[in-house]
Amino acid sequence: MRDFSQLSEREILALAIGNEEEDGRIYLDVAERLRDAYPATAKIFSEMAAEEGEHRRELLELYRQKFGEHIPLIRRQDVRGFINRPSIWQFPKPNIDDVRKLAEGMEQETQRFYRNAAARATDVSIRKLLGDLAEAEAAHEHRADMLSEQNLTEDVRSQEDQQARQQFMLQYIQPGLVGLMDGSVSTLAPIFAAAFSTHNPFSAFLVGSAASLGAGISMGFAEALSDDGSLTGRGTPYVRGVVTGLMTALGGLGHTLPFLIPHLHLALIVAIIVVAVELTAISWIRWRFMDTSPIRATLQVALGGALVFATGVLIGAG
């Protein structure tokens, strides 16, 4: 790996040609991944890829004039200080805001590259082209705004943002809510049954920890294996599984940790308070993200929690 300051003008042009080609392909990859869900944004990235192709053509013409036909393979990762571009095909499901930020970051970095390269160039024609390309990259932000105005009307942007929110719901909110509800409610019975039957807070803690972690693992695998997201649009199964598993374990551990308190009655009081907070949070999430009325969400969650809690108390006291 070499420093940028060590590159010759020939190597700088070769690197610039490779950069433009790579950036254009990234934009085309983004456009392809967004085409079905966000056609207007996909069109923007396709047009930006075409502009990168024009920059590459200009660089190729100048390179041939100065150095001939052979272009050495100099890649971004061969030069110290360059930021590696992410591989779009590795993204489970590109987020609309993330790819817009990606494009902005790419243009800013490329602009800095051309300005630094132009400052080091001694050949007048090379210096001029690199300076012009730096200005072109700076203008890309305005070009992107213009393309957005042409292709992303207020209605289209609203529709795309709504779809992005829906995907976020399917990928994170719903799996997380399912896990939190299962962990918070289903573990109530074994924890409080152990507490009332043994009168030993630490025994209840061990039972609660085992139940919470076991439920988290079980729910995580169940969610991950439920579907691959290709037909339902629910996103990567592994992400959903991790989200569900973690929230399930968290829901159960929340009212398990109070049983580390050595005094049973105090531990029970703290645990019940934690349960009330958990059920309130679940009701709020259902109201905020699932379009469920606050009263209905509270009654449904409270009823389920009360039934499971009563089951644990009855079994433990018996």
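Keep in mind that this is a model prediction, so the values were computed, not measured.
- For Ser209 (side chain) and Leu206 (main-chain N/O), no donor-acceptor pair under 3.5 Å exists by modelled atom type.
- Distance CZ/Phe113 to CG/Leu130: 7.0 Å, rounded to 0.5 Å.
- Transitive grouping of hydrophobic side chains (ILVMFWY, heavy atoms separated by less than 4.5 Å) brings Phe196 and Leu260 into a common cluster.
- In terms of hydrophobic clustering, with Ile, Leu, Val, Met, Phe, Trp and Tyr side chains grouped at heavy-atom distances under 4.5 Å, Leu264 and Leu257 are assigned to a common cluster.
- Counting only distance, with no hydrogens or angles, the side chain of Asn116 and the backbone of Arg112 share a donor-acceptor pair below 3.5 Å.
- Side-chain contact between Ile71 and Tyr63 is present, with heavy atoms from C-beta onward closer than 4.5 Å.
- Taking the side chain as every heavy atom from C-beta outward, Ile261 and Pro201 never approach each other to under 4.5 Å.
- Annotation: side chain of Ser212 is not in contact with side chain of Thr248 (no heavy-atom distance under 4.5 Å).
- Going from atom CG of Leu60 over to atom CD1 of Ile17 covers 4.5 Å, rounded to the nearest 0.5 Å.
- With hydrogens and angles disregarded, no donor-acceptor distance shorter than 3.5 Å links the side chain of Thr244 to the backbone of Gly179.
- Every residue meeting the side-chain hydrogen bond (donor to acceptor under 3.5 Å, both in side chains) condition with Asp132, not counting sequence neighbours, appears here in chain and number order: Lys128.
- A heavy-atom distance below 4.5 Å is found between the side chains of Val185 and Leu279.
- Classified by interplanar angle (parallel below 30°, tilted 30° to 60°, perpendicular above 60°), the ring pair Phe259/Phe192 is perpendicular.
- Note: Glu20 CD to Arg57 CZ = 12.0 Å, rounded to the nearest 0.5 Å.
- Annotation: side chain of Glu9 is not in contact with side chain of Arg127 (no heavy-atom distance under 4.5 Å).
- Look at Glu32 and Arg35 and you find a salt bridge, because one of the NZ, NE, NH1 or NH2 atoms lies within 4.0 Å of a carboxylate O, short of that distance.
- Leu28 and Met48 sit in two unconnected hydrophobic clusters of ILVMFWY residues. Membership requires side-chain heavy atoms under 4.5 Å apart, directly or through other members.
- Hydrophobic cluster membership differs between Val242 and Val178, with clusters built from Ile, Leu, Val, Met, Phe, Trp and Tyr side chains linked at under 4.5 angstrom.
- Counted within 6.0 Å of CZ on Arg25, heavy atoms from surrounding residues, nucleotides or ligands total 12 or fewer; the atom is thus considered open.
- Contact check for Pro175 versus Met247: no side-chain heavy atoms found under the 4.5 Å cut-off.
- Residues Glu52 and Arg56 are not paired through a salt bridge, judged by the lack of any N-O separation under 4.0 Å between the basic side chain and the carboxylate.
- There is no side-chain donor-acceptor pair under 3.5 Å between Ser184 and His255.
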message = Evaluate Asn19 against Thr110 for side-chain contact (heavy atoms from CB on, under 4.5 Å), listing each step before the verdict.
response = CA-CA 8 Å; Asn19 287 347; Thr110 305; 5.8 Å; no

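- Using a 4.5 Å heavy-atom cutoff, the side chains of Glu69 and Arg64 are in contact.
- Put simply, the side chain of Leu129 reaches to within 4.5 Å of the side chain of Leu59, judged on heavy atoms.
- Separation of atoms CG (Leu15) and OG (Ser8) is listed at 10.5 Å; rounding is to 0.5 Å.
- Side-chain atoms of Glu61 never come within 3.5 Å of backbone atoms of Glu58 as a donor-acceptor pair (strictly under, hydrogens ignored).
- Val274 and Phe205 fall into different hydrophobic clusters, where Ile, Leu, Val, Met, Phe, Trp and Tyr side chains are chained together by heavy-atom contacts under 4.5 Å.
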